[in-house]
Trainee: 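Please see the structure below; I have some questions.
Computation of the quantities below employed the complete heavy-atom set of this structure, encompassing side-chain atoms and omitting hydrogens, waters and symmetry-equivalent molecules.
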Amino acid sequence: SIVATEQTIRRWIRFRPRDNAPLGFLSEFLLGIGQRADAETAYQRAAALGARTADQTERRLVWGLRSDDIAAANRECTGLAGHVASNDTFRWFCSISLRMQGRFREALRLAEMRPRQEPMVAIVHMSTGNPQEAARGFLQLAQQAAEYHVSSPGLLARNVTWNLTLAATAFVEGGDTTNARRLIDSVEATGRRSGFPRDQLLHHFLRGLLFSRAAHHDSAVRHFRTALVSPSQGYTRINYELAK
């Protein structure tokens, strides 16, 4: 529970008062539950104890997005106008800000500045009622992930599994259950090799999605519940589909 999590972090702080790590965790936790002022206090205390601090412009932008403070996020993106095009991190977060505001054309233009397939391009297509184009984009991202050389096989599996799941989700959204079904076994097999618990269960989400579209709601609910690894830190579309 939220209360138990906060109590655990604060107990850690009491036992290790000169350690910046628990204060960093506390800052993230408080931001996540909407207590931004307290999160800022914990962040500054962690910094005073030697915690590595992020680029402050990036932090203000991200914290604005996570706090639904779109005005603050827009101010940061406006101030970054000369750097967004050449900076992947700023371009990603500023395109998220535009998407959150429903400014999809602007988000798409910003995302398309990068020559390689950009996740936000597929995400915007999904948001604007073009799921088949989104599915093609996510499949391309899965292929790129499979070809990208990383030192960790688990990380490679994580990236492939995630993008295949998003592709299958988009196929179902577009009514193409045949192509979605073809991806499920790959999601299950690749997900087993990921070190991220979410990925190992994502095939259940896709099975639940297909059952849901076929109006087999009891089976859909069972698979959706199996796919949940966290009420708030997993693939939140599972929560959305389960609620429906």
Trainee: Under 4.5 Å between side-chain heavy atoms, counting indirect links through other Ile/Leu/Val/Met/Phe/Trp/Tyr residues: same cluster for Val221 and Leu202 or not?
Mentor: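 They do share one cluster, since a chain of ILVMFWY contacts under 4.5 Å joins Val221 to Leu202.
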Trainee: For a ring pair (Phe, Tyr, Trp, His ring centres under 6.0 Å) check, start with the C-alpha distance between Phe211 and His217, then their side-chain angles and the critical distance, and finish with the verdict.
Mentor: CA-CA 7 Å; Phe211 276 124; His217 299 305; over 10 Å; no
Trainee: How about Ser194 and Asp199: does a side-chain donor come under 3.5 Å of a side-chain acceptor?
Mentor: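 Short answer, yes.
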Trainee: Considering non-hydrogen atoms only, spot the tightest contact between Gly208 and Ala220 and give its length.
Mentor: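 Scanning both residues completely, I find the closest heavy atoms to be O-CB, 3.4 Å.
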Trainee: Under 6.0 Å from the ring centre and within 45 degrees of the ring axis: does the NZ or CZ of Arg59 meet both conditions for the six-membered ring of Tyr43?
Mentor: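 Flagged: Arg59 positioned over aromatic ring of Tyr43.
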Trainee: For the residue pair Asn163 and Leu139, establish whether any side-chain heavy-atom pair is separated by less than 4.5 Å.
Mentor: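 No, every pair of side-chain atoms sits at 4.5 Å or beyond.
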Trainee: Any ion pair linking Arg237 and Glu241 (charged N to carboxylate O, less than 4.0 Å)?
Mentor: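 Answer for the salt bridge query: yes.
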Trainee: Apply side chain to side chain contact (heavy atoms under 4.5 Å, CB included) to residues Lys244 and Ser212 and explain how you reach the verdict.
Mentor: CA-CA 9 Å; Lys244 286 202 298 182; Ser212 175; over 6 Å; no
Trainee: To check you understand the geometry: which heavy-atom pair defines the closest contact between Ile70 and Ser97, and what is its length?
Mentor: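 Distance-wise, the nearest heavy atoms are CG2-OG, 4.4 Å.
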Trainee: Taking the side chain as C-beta and beyond, is there a heavy-atom pair between Val187 and Ile184 under 4.5 Å?
Mentor: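 The answer is no, as the side chains (C-beta and beyond) never meet within the 4.5 Å cut-off.
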Trainee: Taking atom CZ as the centre, does Arg103 end up with more than 12 heavy-atom neighbours from other residues, nucleotides or ligands that are less than 6.0 angstrom away?
Mentor: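 Yes, because the 6.0 Å sphere around CZ of Arg103 holds more than 12 heavy atoms from other groups.
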Trainee: How many angstroms lie between atom NE2 of His125 and atom CZ of Phe104, to the nearest 0.5 angstrom?
Mentor: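 Between His125 NE2 and Phe104 CZ, I get 12.5 Å after rounding to 0.5 Å.
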Trainee: Of all heavy-atom pairs between Leu156 and Ala146, which one has the smallest distance, and what is that distance?
Mentor: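 Closest approach of Leu156 to Ala146: CD1-O, 4.0 Å.
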Trainee: Step through the shown structure and confirm whether more than 12 heavy atoms of other residues, nucleotides or ligands are within 6.0 Å of CZ on Phe196.
Mentor: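 Enclosed.
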Trainee: Contact between Thr161 and His203 at the side-chain level, heavy atoms closer than 4.5 Å - yes or no?
Mentor: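 Sidechains of His203 and Thr161: no contact.
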Trainee: Under 6.0 Å from the ring centre and within 45 degrees of the ring axis: does the NZ or CZ of Arg60 meet both conditions for the six-membered ring of Trp63?
Mentor: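 Because its charged atom misses either the 6.0 Å distance or the 45° angle limit, Arg60 does not stack over Trp63.
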Trainee: Transitively linked via ILVMFWY side-chain contacts under 4.5 Å: Ile9 with Leu30?
Mentor: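 Yes, because Ile9 and Leu30 connect within a single hydrophobic cluster, where side-chain heavy atoms sit under 4.5 Å apart.
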Trainee: May I ask you to test the Glu6-Arg11 pair for a side-chain heavy-atom distance under 4.5 Å?
Mentor: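 When only atoms from C-beta onward are counted, Arg11 and Glu6 do not touch, as no gap falls below 4.5 Å.
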Trainee: Are the side chains of Thr178 and Arg181 in contact, using a 4.5 Å heavy-atom criterion?
Mentor: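 Not touching, per the 4.5 Å side-chain cut-off.
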Trainee: If you round to the nearest 0.5 Å, how far is OG1 of Thr236 from CG of Leu242?
Mentor: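 It is 12.5 Å, given to the nearest 0.5 Å.
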Trainee: Just wondering, do Leu49 and Asp19 contact through their side chains at under 4.5 Å, heavy atoms?
Mentor: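 Answer no - side chains too far apart.
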Trainee: Is it the case that the side chains of Asn74 and Gln101 hold a donor-acceptor pair, with the cut-off being a distance below 3.5 Å and no angle test?
Mentor: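 Short answer, yes.
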Trainee: Using the rule that two of Ile, Leu, Val, Met, Phe, Trp, Tyr join whenever any of their side-chain heavy atoms come within less than 4.5 Å, decide whether Val62 and Ile123 are in one cluster.
Mentor: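 Yes; Ile123 is reachable from Val62 via cluster members.
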Trainee: Roughly how far apart are Thr190 OG1 and Asn159 CG, rounded to 0.5 Å?
Mentor: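 The distance works out to 11.5 Å.
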Trainee: I'd like to know if the side chain of Ser67 and the backbone of Gly64 have a donor-acceptor N/O pair within less than 3.5 Å.
Mentor: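 Looks like no, no N/O pair under 3.5 Å.
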Trainee: Find out whether Ser127 and Arg99 are in side-chain contact, i.e. whether some heavy atom of one side chain is under 4.5 Å from a heavy atom of the other.
Mentor: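 A side-chain contact under 4.5 Å exists here.
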Trainee: May I ask you to check whether Trp162 and Tyr235 place their ring centers less than 6.0 Å from one another?
Mentor: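 Ring centres of Tyr235 and Trp162 closer than 6.0 Å.
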Trainee: Please confirm whether the backbone N or O of Val172 pairs with a side-chain atom of Asp176, one donor and one acceptor, at under 3.5 Å?
Mentor: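 It does not hold such a pair.
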Trainee: Determine, step by step, whether Leu183 and Phe171 satisfy the side chain to side chain contact (heavy atoms under 4.5 Å, CB included) criterion, reporting the C-alpha distance in whole Å, the side-chain angles of both residues, the deciding distance to 0.1 Å, and the verdict.
Mentor: CA-CA 10 Å; Leu183 293 176; Phe171 276 131; 4.1 Å; yes
Trainee: Can you confirm whether the side chains of Arg213 and Thr177 place a donor and an acceptor under 3.5 Å from each other?
Mentor: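 Distance-only check fails for Arg213 and Thr177.
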Trainee: Between Ala73 and Leu65, what is the shortest heavy-atom contact and its length?
Mentor: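 Answer, listing the atom of Ala73 first, then Leu65: CB-CD2, 3.8 Å.
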Trainee: Quick one: pull up CE in Met100 and OG in Ser95 and give me the separation to the nearest 0.5 Å.
Mentor: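 It is 11.5 Å, given to the nearest 0.5 Å.
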Trainee: With rounding to the nearest 0.5 Å, note down the distance linking SG in Cys94 to CD in Glu76.
Mentor: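 These two atoms lie 9.0 Å from each other.
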Trainee: To check you understand the geometry: which heavy-atom pair defines the closest contact between Val124 and Ala107, and what is its length?
Mentor: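 Heavy-atom minimum between the residues: CG2-CB, 4.1 Å.
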Trainee: Do you know which two heavy atoms are closest between Val121 and Ala111, and how far apart they sit?
Mentor: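 Closest approach of Val121 to Ala111, heavy atoms only: CG2-CB, 3.7 Å.
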Trainee: Quick test of your reading of the model: are Arg66 and Glu28 salt-bridged, counting only N-O distances below 4.0 Å?
Mentor: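 Yes.
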Trainee: Check this for me, if you would: do Asp69 and Arg36 make a salt bridge, where the nitrogen-to-carboxylate-oxygen distance has to be below 4.0 angstrom?
Mentor: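 A salt bridge links Asp69 with Arg36.
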Trainee: Quick check: is Leu141 connected to Trp92 through a chain of hydrophobic side chains (ILVMFWY, heavy atoms under 4.5 Å apart)?
Mentor: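 Yes; tracing contacts between hydrophobic side chains, which count when under 4.5 Å, links both residues.
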Trainee: With side chain to side chain contact (heavy atoms under 4.5 Å, CB included) as the test, would you mind laying out the steps for His204 and Arg225 before giving the verdict?
Mentor: CA-CA 9 Å; His204 284 289; Arg225 286 179 173 161; over 6 Å; no
Trainee: So does Leu155 get a backbone contact from the side chain of Ser152, meaning a donor-acceptor N/O pair under 3.5 Å?
Mentor: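 Yes, the answer is positive, given that a donor and an acceptor are paired below the 3.5 Å cut-off.
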Trainee: I'd like to know whether Glu58 forms a side chain to side chain contact (heavy atoms under 4.5 Å, CB included) with Phe90, so could you lay out the CA-CA distance, the side-chain angles of the two residues, the decisive distance to 0.1 Å, and finally the verdict.
Mentor: CA-CA 7 Å; Glu58 179 184 335; Phe90 292 148; 3.8 Å; yes
Trainee: Give a yes or no on whether the backbone of Leu23 and the side-chain of Ser27 come within a donor-acceptor separation of less than 3.5 Å.
Mentor: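 Not at all, since once roles are kept as given, no pair shorter than 3.5 Å links the two residues.
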Trainee: Can you find a pair of side-chain heavy atoms, one from Leu31 and one from Glu40, that are under 4.5 Å apart?
Mentor: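 With C-beta onward as the side chain, the pair stays apart.
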Trainee: Can Glu173 and Thr169 be counted as having a side-chain donor-acceptor contact under 3.5 angstrom?
Mentor: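 Distance-only check fails for Glu173 and Thr169.
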Trainee: Just how far is it from atom CZ of Arg91 to atom CE of Met120, taken to the nearest 0.5 Å?
Mentor: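 Answer for the CZ-CE pair, Arg91 versus Met120, is 11.0 Å.
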Trainee: Let me check something: do Leu108 and Leu166 share a hydrophobic cluster, defined by ILVMFWY side-chain heavy atoms less than 4.5 Å apart, either directly or through other members?
Mentor: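 Hydrophobic grouping puts Leu108 with Leu166.
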